[in-house]
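Notes follow once the structure below has been shown.
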Amino acid sequence: MKKRLTALLENAVKDCAAKGLLPLGELPFVEVDAAKNLLHGDYASNVAMVLASRIRENPRKVAEIISRHVCDHDNILEKIEIAGPGFLNFFIREEAWAAMLEDVDKLRDSYGAPNLGDGRGVLVEFVSANPTGPLHIGHARGAAVGDVIANLLAVSGFSVCREYYINDAGSQMNNLGKSVKLRYLELLGEKVEFPEGCYQGDYIGQIAAEILKRDGDAYLAMDEEGVIRLFTDYAADVIMKEIKKDLHAFGVVFDIYVSERELYKDNRVARLLAELEEKGFIYRQGETLWFKTTAFGDEKDRVVIRKNGEPTYFAADIAYHQNKYSRGFDTVIDIWGADHHGYIPRMYAGIAALGREKDSLRIVLVQLVNLMRDGKPVAMSTRAGQFVTIKEVVDEVGRDAARYNFLMRRSDSHLDFDLELAKKQSNENPVYYVQYAHARICSILKRAGEQGYKIPAYEEADLHLLKLPEEVELIKTVTRFPEVVEGAAAAIEPHRLTFYLNELAATFHSYYNKNRVLSEDEGLSKARLFLVESVRTVLRNTLKLLGVSAPEEM
RNA sequence: GCGCCCAUGGCUCAGCUGGAUAGAGCGUCGGACUACGAAUCCGGAUGUCGCAGGUUCGAAUCCUGCUGGGCGCGCCA
């Protein structure tokens, strides 16, 4: 509806300009917004005021001129009013609203799928945790956000690839191998002390025990470095399998796992650095190589080759992003923990040096999660191996509640996640509120079937009968869905879906409590059945985008 | 010290690239099941949008300064 009005208005403005009624150079960006106040109609536009200030005219007069040139071919408008300082208020005919439900019936599962992408490729990289331990709750939010962003883009016509970057190179991995070895030695009766930086979670001991069981004390005789390398590989492999399993249980499946080590294998990092050096972005200072990120707005230059000859994480990351682009993606989305925000200018410098537009990389920051239980914070320490894993969260509160809770806030704002609250099947827990609405509708539809009703198609329902204010409101909320998806996809803001979902469920519940769907009046019953079926379709489609189930009963 | 983010009812948060009288949920108080599921609904109360200036027809939103909080400032990832 919003789109249609925008089009009407754009044509009107164009028409005015063509006829010379409004002396416009370039046409303005026409914006139509849903009106907040019923007195202001359904939608309002400020075009007239924007134009008026540009051409120094009276805004109300401009509004007047524009409104006279609106060509309402489809007869959707009741009237246009000019109000306040120069707003154009659009009043939509009730029939026009109901007519929009046709799309819901015809498109079904694909209702609300805007074609923003036109098949262009988007790479969404998320989670990307080191395989040094199981995923904990902090990763869970990033997983949920990334997954839903990918869903949103996929439904919006992009060809989406979900990717996990395995940081399996570098000193952290070495620490992993060392940690396993220490536990191994401990199991063989040696007394060991764990230095700073070593991983001490129980899973380390389990891995060491597996190795011991399989190969006994064979590694005691081998050289230290070789053992650590073997143990590192083995542990990373085991942990990565667990990570995949946990993600799967959380409803997140990746298309590709890219290994940092692989980037080094065919000298990609070295070749990239040579390339950048040729372009003049690299300089040498003693043993180290520096990248002139300040040339692209970073606050200081960054090291890419360390004194010891090893490339930095940053160097590999540029190579990784080059690799992403080389695979033909127009847009690359990185989802990072908010504690990495200082890294952003560096990364943009990196892609600028690769000759890529800034817009082609979008970085979404996900704030860390405050884990609570009954309102009290749960202490976590990664080093000591004390943390709540994603698996434990899924096991305890369930996948639906967990995902929904992670998606209820803007991703860049802090989130309190209360385990007890997420488990509660009560009105404090919004996920059940929307699922309940879905189950309720299913229940009505089932009852209708028992009474011999079939769910009517659009043509079979007389929607003129849906005249109640609650019905019109419900129809409006349902038909807003495509706009919500489009907005959420364009802004990369998945939380808009949960807010919308909550509103739709609320509008439905309210309607349900006031009115009966099934009554003696067959025509009305059919019209209402069609309406609630439309609500159900949108509830289901939204929940699907969120990766949350839409139960038929609960 | 420098940089980024945040500050909206008692609490947790929305507010869609400046728009009309700032909205939800929770909590609180009071109501609604002999009709499709009460995990629901209906009603009441609560705000100097951190403070002070500025930009303009118009600011929670943009700019500057201040206060208070989070994070970052490695040849870690």
Side-chain angles (χ1 to χ4, degrees), chain A residues 29 31 33-37 39-40 44-46 49-50 52-53 59 83-87 89 128-130 132 167 169-173 175 197 260 287-290 299-300 302-317 337-345 365 367-368 375 408-410 412-416 418 421 424-437 439-448 450-451 483-484 487-488 490-491 493 495-496 498-499 502-503 505-506 508-519 525 528-529 532 553-554:
Chain A
F29 177 66
E31 205 175 350
D33 281 310
K36 285 182 201 153
N37 191 322
L39 295 172
H40 300 142
S45 177
N46 62 349
M49 290 183 292
V50 174
S53 69
F87 286 103
N89 290 337
S128 298
N130 296 359
T132 54
N167 300 136
S171 56
Q172 295 302 324
M173 296 306 293
N175 285 340
E260 187 180 353
E287 314 282 298
T288 63
L289 279 193
W290 293 74
E299 55 187 19
K300 55 186 265 197
R302 308 292 172 177
V303 171
V304 281
I305 298 286
R306 289 182 258 248
K307 210 187 317 184
N308 65 8
E310 298 272 319
T312 57
Y313 176 82
F314 177 48
D317 214 8
D339 52 338
H340 288 68
H341 68 80
Y343 194 81
I344 293 176
L365 294 181
Q367 270 293 354
L368 305 184
M408 283 193 321
R409 307 247 182 292
R410 296 179 62 93
D412 59 357
S413 81
H414 291 273
L415 172 72
D416 292 339
D418 194 306
L421 208 67
K424 269 190 201 165
Q425 300 192 358
S426 75
N427 55 357
E428 291 168 85
N429 198 346
V431 64
Y432 297 111
Y433 184 77
V434 294
Q435 288 185 320
Y436 185 58
R440 228 178 189 180
I441 294 172
C442 290
S443 175
I444 297 171
L445 298 175
K446 193 175 149 206
R447 178 64 58 95
E450 287 162 9
Q451 294 181 14
E483 292 163 24
V484 173
E493 291 184 352
H495 73 281
R496 293 194 196 185
T498 47
F499 278 89
N502 199 64
E503 190 185 333
F508 166 73
H509 281 311
S510 172
Y511 174 69
Y512 174 89
N513 271 277
K514 243 183 267 181
N515 306 99
R516 283 190 59 85
V517 173
L518 301 171
S519 64
S525 296
R528 288 181 171 175
L529 273 173
V532 298
E553 46 191 46
M554 49 195 290

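These values consider heavy atoms only, across backbone and side chains, with no hydrogens, waters or symmetry-generated copies. Everything numeric here is computed off the predicted structure, so don't read it as measured data.
Between G72(B) and C66(B), the distance separating the two C1' atoms is 23 Å to the nearest Å. The separation of G19(B) from A59(B), taken at their P atoms, amounts to 11 Å, rounded to a whole angstrom. The C1' atoms of C26(B) and U64(B) are separated by 38 Å, rounded to the nearest whole Å. Comparing the C1' positions of C16(B) and A24(B) gives an interatomic distance of 15 Å, to the nearest angstrom. Annotation: G68(B) and G31(B) have their C1' atoms spaced 42 Å apart (nearest Å). Straight-line distance between the P atoms of G30(B) and A45(B): roughly 16 Å, to the nearest whole Å. Distance noted for atom C1' between U40(B) and A7(B): 35 Å (whole Å). C33(B) and C42(B) have their P atoms separated by 15 Å, with the value rounded to a whole Å.
One can place CD of E310(A) at 13 Å from C1' of C76(B), the figure rounded to the nearest angstrom. Whole-Å rounding puts the E503(A) CD to C16(B) P distance at 14 Å. Rounded to whole Å, atom P of G23(B) lies 20 Å from atom CZ of R410(A). The CD atom of Q367(A) sits 11 Å away from the P atom of C13(B) (whole-angstrom rounding).
The CZ atom of R440(A) sits 4.5 Å away from atom OH of Y512(A), with the distance rounded to the nearest 0.5 Å. Separating the CG atom in N167(A) from the CG atom in D317(A) is a distance of 8.0 Å, to the nearest 0.5 Å. Taking CG of D418(A) as the start and NZ of K424(A) as the end, the distance is 7.5 Å to the nearest 0.5 Å. Distance check, rounded to the nearest 0.5 Å: CG of L415(A) to OG of S413(A) gives 7.0 Å. Atom OH of Y313(A) sits about 14.5 Å away from atom CZ of R302(A), to the nearest 0.5 Å. Atom OH of Y436(A) and atom CG of N429(A) lie 15.0 Å apart (nearest 0.5 Å).
At a threshold of 4.0 angstrom between heavy atoms, the contacts of K300(A) are confined to the sugar-phosphate backbone, with no base atom among them. As judged by a 4.0 angstrom heavy-atom cut-off over every strand, R302(A) is placed among residues making no nucleic acid contact. Residue contacts for N46(A): at a heavy-atom cut-off of 4.0 Å it reaches a base atom on one of the strands shown. Across all strands, A488(A) comes closer than 4.0 Å to no nucleic acid atom at all (heavy-atom distances). Among the heavy atoms of the strands lying under 4.0 Å from S171(A) are primed sugar atoms or P, OP1, OP2 only; no base atom is included. Backbone-only contact: F499(A) has heavy atoms under 4.0 Å from sugar-phosphate atoms and none from a base. Residue contacts for H340(A): at a heavy-atom cut-off of 4.0 Å it reaches a base atom on one of the strands shown. Counting any heavy atom pair closer than 4.0 Å across all strands shown, H40(A) reaches a base atom.
Shown here, A7(B) forms a base pair with U67(B); the pair counts as Watson-Crick or G-U wobble because both key distances fall under 3.5 Å. A 3.5 Å limit on both hydrogen-bonding distances identifies G72(B) as the Watson-Crick or G-U partner of C2(B). The pairing partner recorded for U28(B) is G44(B), the criterion being a Watson-Crick or G-U wobble arrangement whose two distances lie under 3.5 angstrom. The nucleotide U56(B) finds no pairing partner, because no Watson-Crick or G-U wobble arrangement with both distances shorter than 3.5 Å includes it. Base pairing of U17(B): no nucleotide in any strand meets the Watson-Crick or G-U wobble criterion (both distances under 3.5 Å).
With G19(B), G72(B), A24(B) as the candidates, the nucleotide lying closest to the side chain of N502(A) is A24(B). Of the listed nucleotides (U12(B), C42(B), G19(B)), C42(B) has the atom at the smallest distance from the side chain of S510(A). Minimum atom distance to the side chain of R409(A) is reached by C13(B), of the listed C13(B), A77(B), C16(B).
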Check nucleotides 26-29 of chain B for protein N or O atoms closer than 3.5 Å to its own N or O atoms and list the pairs.
none

N/O-N/O pairs, protein side and nucleotides 45-47 of chain B side, under 3.5 Å:
none

Under a 4.0 Å heavy-atom criterion, the protein footprint on nucleotides 30-38 of chain B, written with B, S and -, is -----BBBS
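Checking A491(A) against A35(A), the closest nucleotide of RNA chain B that is more toward the 5' end is the one next to A491(A). Residue order along RNA chain B, read from the 5' end via each residue's closest nucleotide, puts F87(A) first among F314(A) and F87(A).
With contacts defined as side-chain heavy-atom distances shorter than 4.5 Å, the pair L529(A)/L518(A) qualifies. Using a 4.5 Å heavy-atom threshold, the side chains of F87(A) and H40(A) count as separate. Side-chain contact between L445(A) and V532(A) is present, with heavy atoms from C-beta onward closer than 4.5 Å. Side chains of M49(A) and P85(A) form a contact here, defined as non-hydrogen atoms less than 4.5 Å apart.
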So Y511(A) and R528(A), side-chain hydrogen bond (donor to acceptor under 3.5 Å, both in side chains) or not? Walk me through it. CA-CA 11 Å; Y511(A) 174 69; R528(A) 288 181 171 175; 3.1 Å; yes
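Side-chain N/O atoms of H509(A) and base N/O atoms of C41(B) include no donor-acceptor pair closer than 3.5 Å. Put simply, the side chain of N89(A) and the base of A20(B) share a donor and an acceptor less than 3.5 Å apart. In the interface, the side chain of D339(A) is not paired with the base of G72(B) through any donor and acceptor atom under 3.5 Å apart.
Under 4.0 angstrom from either OP1 or OP2 of A14(B) there lies at least one side-chain N or O belonging to S413(A). In this model, the phosphate group of A77(B) is approached by a side-chain N or O of R306(A) to a distance below 4.0 Å at OP1 or OP2.
When all heavy atoms of L365(A) and H341(A) are compared, the closest pair comes out as CD1-CB, 3.6 Å.
Between Y343(A) and F314(A), the ring-plane angle classifies as perpendicular under the 30° and 60° cut-offs.
Base orientation of C33(B): syn, the glycosidic angle falling within 90° of 0.
Not a single donor-acceptor pair under 3.5 Å links the side chain of T288(A) to the backbone N or O of K307(A). Within the 3.5 Å criterion, the main-chain N or O of Y433(A) finds a donor-acceptor partner in the side chain of H509(A).
Put simply, Y433(A) does not rest on the base of A39(B): the two rings are not both less than 5.5 Å apart at their centres and under 30° in tilt.
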